[in-house]
Every structure is written in structure tokens, then in C-alpha cells.
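Accompanying notes for the structure given below.
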2 protein chains.
Amino acid sequence: MMFSTKAEYGVRVMVELARRAGESPGGAESVVPLAEIAEHDGMPLAYLEHLVARLRKAGLIDSRRGSRGGYMLARPAEEITMAEVVEALEGSIAPIECISQGPDGSIVCSRESDPNHTCPTKLLWTRVRFSIVRTLEDTTVADLIAVPAPTASIPVPA
Amino acid sequence: MMFSTKAEYGVRVMVELARRAGESPGGAESVVPLAEIAEHDGMPLAYLEHLVARLRKAGLIDSRRGSRGGYMLARPAEEITMAEVVEALEGSIAPIECISQGPDGSIVCSRESDPNHTCPTKLLWTRVRFSIVRTLEDTTVADLIAVPAPTASIPVPA
DNA sequence: CTGATACCCTAGCTCTCAGGTAGGTATTTA
DNA sequence: TAAATACCTACCTGAGAGCTAGGGTATCAG
């Protein structure tokens, strides 16, 4: 297990916001109260509030306070990648503790404090990290709202 | 952080075994005592013993007991993939707790106990898992023993 | 204005588990 | 036999995931 439920829950919130954004019949902004999402998906409201705070600080969602308030996506669902969402929730994406991304974008291995002792596994973790990031960047919120209908193609066990 | 030091240490052990296998001048089998690797890489010996036990049970290394005993790779370094190593150490590869691989190879989401409620994030985690596994399968122990000079940047496969 | 709604913030709680220690037994070589 | 080494089981401990608690603050309906 690698990502925590922070990513799990957070992504589900984003998907739910995107779904309801398409629902609004008039020109309404369609802000969604968090309690509604929490109940719909069976996630603890108080915990979601923490995650949503991170998403807001990352500029991925906007909020409206007060009665009739709630949250909405800050940008169209097609323009929000999972890389942004996951990074906002989990922090910098690193497949293993010793690997991180420096401010200049280069991959840094904390085992290599001694410069003439390169870490043999750095190549592996760099590759893994790259493939994860690329996959997350290639998937947007919009990709996840179009889940196929549960009716067809799912065989019901006897 | 996603993989633990189990993967980190275990991979380093495999690489070290591969390196010393190429050293033997005669036709010697070149078994390596674990204490030697532990000291060379600065890893705790008692902890390594646990990890090595997993690698042995997975058939990735062989052992010889008694004085002058030690460990050696069970197969050529080119034929041992990181997917095997990491899976032996960490268990089944899953990017998140709710996702796992069923016995038939299909990806299972534990949130989908209710068959008419498909999990919207399953697509994402499936994609991420697939990209991780593919990267691990494409990298062998042999790829890591040839560490480039500290100067060069690290290439990433397309 | 007043209350209800719902966002927003800070603290702290609990249980799991990564990461490691300890101490013993079995097996081989010299 | 003595030393070296693999092998096994049990235990310990700090940190962090995954919450809960309880307040504060902005906004809107009436």
C-alpha cells in the first residue's frame, strides 16, 4: 500500500464536485456542501474538511462560506490533473523516503550525501517515480467522472 | 513516501550480491556473508536477516549455512527483475490499500463490494499500479550494478 | 437582526506498523 | 571442539495515519 486514504478520499471529492458541476440546470454556480459529499460517499465529514483545506490552498477548488455555501472546482475538470490533486494531498510524490525532488526539479537521493558514493538503487526509484508522475499527469478529473454504467458488463454472481 | 526501507535495503543486497558474483577470479561460487554487505552499506545486520529470508523463500537467492557460508543470487542478474524483488519484500504491489490483484490477475477494489456502485477512482489506481509494475519489470538487478559515474544525469526509459 | 448553515482552524487521541533488537538454534569449516 | 554463519521466534518502540472535538467566522434566509 503506497498512497494513503488522503489521496483516496480527496480524489473522490474532486470527482464528485466535477459531477455536480455538470448538473446545474440554470446558470447556477452549483456549489456543493461538503456534508452532502461525505454522506453520499460514506466518508467522515470532519476528516474531509482537512483534506479539502489542502485542495483549496493548492488552488484546485474554490469555496463559498455561510449558508448555502460549499465547494466547487476552481477550473474545468479537464484541466485538473491527478498529479496536482495527489501532490496537494500527500505532499511531494516520492516512491521511497530517500528520494525527493529538489527545487530545481532534479531528483535527489538523501543517501548520496557523500558525492563519490552514488546510490545503486537511485536509478530504480527515479524510474518508478517518473512513471507514477507521468500517469498522474495523464489522468484528469474529467477522465474519472465518465465511469461506465454499473448496469452492463458486470456479471452478477450466482 | 511509498515503498519502505524493506525494498530499499533488499534491492541494495541484491545489487551487492550481483556485484560480488562477478568478482570471483577462479570458478568459485562466491557466496557472500550477510555481515559483509551490512557493514559495507551501513545497514543493520539483524534487520537484513529478515529481508533476506523473504528473498530466499521467493527463490531469488540461495544460501549456504555454516562457516564460510553466505548468500548468492539464485539466477543471473539479468534474469531477476525488480518486480520480483520488490514483491518478495513488500508483498503484492498496490498503490493504495483498497486496490489489490486477485488470484486470476484481475484488479480488485475493496470499495466495490456492492456491485452496482463502481468506484470512480479505480481507473486511476489501476493505471498507476500498471505503470509501476511495468517499470519494475523492465528493470533487472543487472541494470543497477552498472551505476553511471556521479557526473552523468540519469536516463529514463521512454 | 437573528439564527442557521457551512466553511475554517487548532489540538489531541488511538491504534497500527515500520524498523529494529535480542537471543536462541542449526549447520558447516578448520 | 571452536568459530563462523545461516536461520528462527519473539519482542520493543517511535512515528504517523486516520480520525474526533470543539471552537471560531463568514454568509445568507427570513
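The figures here come from the full heavy-atom set of this structure, side chains too, leaving out hydrogens, waters and symmetry mates.
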Exercise for review: Could you state the atom-to-atom distance from NZ of A:Lys6 to P of D:dG16 in whole Å?
Suggested key: 11 Å
Study note, to complete from the structure: When rounded to whole Å, the CG to P distance for the pair A:Leu89 and D:dG18 reads 12 Å
**Study point:** B:Tyr9 side chain near C:dG20 phosphate (N/O to OP1/OP2, under 4.0 Å)
**Key:** yes
Check your understanding: Is the backbone of B:Ile93 close enough, under 3.5 Å, to the side chain of B:Glu87 for a donor and an acceptor to pair up by distance?
Key -> no
Review point. Which letters describe nucleotides 4-13 of chain C, given B = protein heavy atom under 4.0 Å from base, S = only from sugar-phosphate, - = neither?
Key: BBSBBBBB--
Exercise for review: Applying side chain to side chain donor-acceptor pair (under 3.5 Å), run through A:Gln101 and A:Ser106 and close with a yes or a no.
Suggested key: CA-CA 6 Å; A:Gln101 188 172 26; A:Ser106 67; over 6 Å; no
Check your understanding: In whole angstrom, what separates B:Met2's CE from D:dG16's C1'?
Key -> 17 Å
Review point. When the distance from CG of B:Leu48 to C1' of D:dC8 is rounded to whole Å, what number comes out?
Key: 16 Å
Review point. Looking at A:Thr135, A:Asp138, A:Thr139, which hits side-chain hydrogen bond (donor to acceptor under 3.5 Å, both in side chains) with B:Arg127?
Key: A:Thr139
Exercise for review: For A:Leu51 and D:dT20, give me the distance from atom CG to atom C1', rounded to whole Å.
Suggested key: 14 Å
Practice item. Pick out which of A:Val13, A:Ile61, A:Ile37, A:Leu73 makes a side chain to side chain contact (heavy atoms under 4.5 Å, CB included) with A:Val32. Key: A:Ile37
Review point. D:dA6 C1' sits how many Å from B:Leu55 CG, rounded?
Key: 14 Å
Practice item. Consider only side-chain N and O atoms of A:Ser4 and A:Glu90, and report whether a donor and an acceptor are under 3.5 Å apart. Key: yes
Review point. Would you say a side-chain N or O of A:Ser4 is under 4.0 Å from OP1 or OP2 of D:dG18?
Key: yes
Revision key, fill the gap. When rounded to whole Å, the CZ to P distance for the pair B:Arg54 and D:dT9 reads 14 Å
Practice item. Decide yes or no for B:Met14 and B:Arg19: does some side-chain heavy atom of the first lie under 4.5 Å from some side-chain heavy atom of the second? Key: no
Practice item. Calculate the interatomic distance between A:Glu97 atom CD and C:dA18 atom C1'; express it in whole Å. Key: 10 Å
